[in-house]
Novice: 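What follows is a single structure, and I will ask about it in a moment.
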Amino acid sequence: MSTLLAVPSNMPGGLDAGMGMHFGHCDIYTIVEIEDGAVKNVSTLENVPHQQGGCLAPVQHLASHGVKVLLAGGMGFRPLMGFRQVGIDVYFAGQFPTVGDAVKAFLAGQLPAFSEQFTCHGGGAH
């Protein structure tokens, strides 16, 4: 049984790419297929325009591609609630410079679940 994990990334994506620190505004998602606690496959998925559906558009986009886990550095409260509603687990990985580092930490069980304390606050931040 494999799990699809998504990581907001800088171009061109992949394990060596830098983390896209704000999930809704990243260039691309690195999609990592995890099986038996190891990386089985790595691909990329383009982000959707933010205007279509606002900050919940990327939530639906990732859910429609079978993603079950998201590693993120920053997001607002609404998308976090959206991910919970579609059954995607979100983990905080804001301290890692590359996608591969964040994935390794996830596999090692070192990432905290993304909670309200990590969300971005303020007007219009999403």
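Every heavy atom of this structure was used, including side-chain atoms; hydrogens, water molecules and symmetry mates were not. What you see is a predicted model, and the numbers here were worked out from it, not measured in a lab.
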Novice: What salt bridge (charged side-chain N to carboxylate O under 4.0 Å, His left out) pairs are there with at least one residue in residues 12-23, not counting sequence neighbours?
Specialist: none
Novice: What heavy-atom pair brings Gly20 and Cys26 nearest, and what distance separates the two atoms?
Specialist: CA-CB, 4.4 Å
Novice: Check residues 32-46 and write down every donor-acceptor pair under 3.5 Å in which the side-chain atom is one partner and the other belongs to a residue at least two apart or another chain.
Specialist:
residue : atom : partner : partner atom : Å
Glu33   : OE2  : Ser2    : OG           : 3.1
Glu35   : OE1  : Lys40   : NZ           : 3.4

Novice: Assess the residue pair Val7 and Met19 against the criterion (side-chain contact (heavy atoms from CB on, under 4.5 Å)); give the C-alpha distance rounded to whole Å, side-chain angles, the decisive distance to 0.1 Å, and a yes or no.
Specialist: CA-CA 7 Å; Val7 187; Met19 287 271 300; 3.3 Å; yes
Novice: Is there a path of hydrophobic side-chain contacts, each under 4.5 Å between heavy atoms, that joins Val48 and Ile28?
Specialist: no
Novice: Rounded at 0.5 Å granularity, tell me how far CD1 in Ile31 sits from CG in Leu5.
Specialist: 8.0 Å
Novice: Is there a path from Met81 to Leu62 through hydrophobic residues (I, L, V, M, F, W, Y) whose side chains come within less than 4.5 Å of each other?
Specialist: yes
Novice: Got a sec, which residues hit side chain to side chain contact (heavy atoms under 4.5 Å, CB included) with Ser64, two or more places apart in sequence or on another chain?
Specialist: none
Novice: Can you name the nearest heavy-atom pair linking Gly76 to Pro79, along with the distance?
Specialist: O-CD, 3.3 Å
Novice: Going by side-chain contact (heavy atoms from CB on, under 4.5 Å), Pro8 matches just one of Asn47, Leu70, Thr30. Which one?
Specialist: Leu70
Novice: In Å and rounded to the nearest 0.5 Å, what is the CE to CG distance from Met75 to Leu80?
Specialist: 6.0 Å
Novice: Enumerate, atom names and distances included, each donor-acceptor pair closer than 3.5 Å involving a side-chain atom of residues 82-102, sequence neighbours excluded.
Specialist:
residue : atom : partner : partner atom : Å
Arg84   : NH1  : Glu116  : OE2          : 3.1
Arg84   : NH2  : Phe114  : O            : 3.4
Thr98   : OG1  : Asp101  : N            : 3.1
Thr98   : OG1  : Asp101  : OD2          : 3.1

Novice: Step by step, would you call Val67 with His61 a side-chain contact (heavy atoms from CB on, under 4.5 Å)?
Specialist: CA-CA 9 Å; Val67 169; His61 183 56; over 6 Å; no
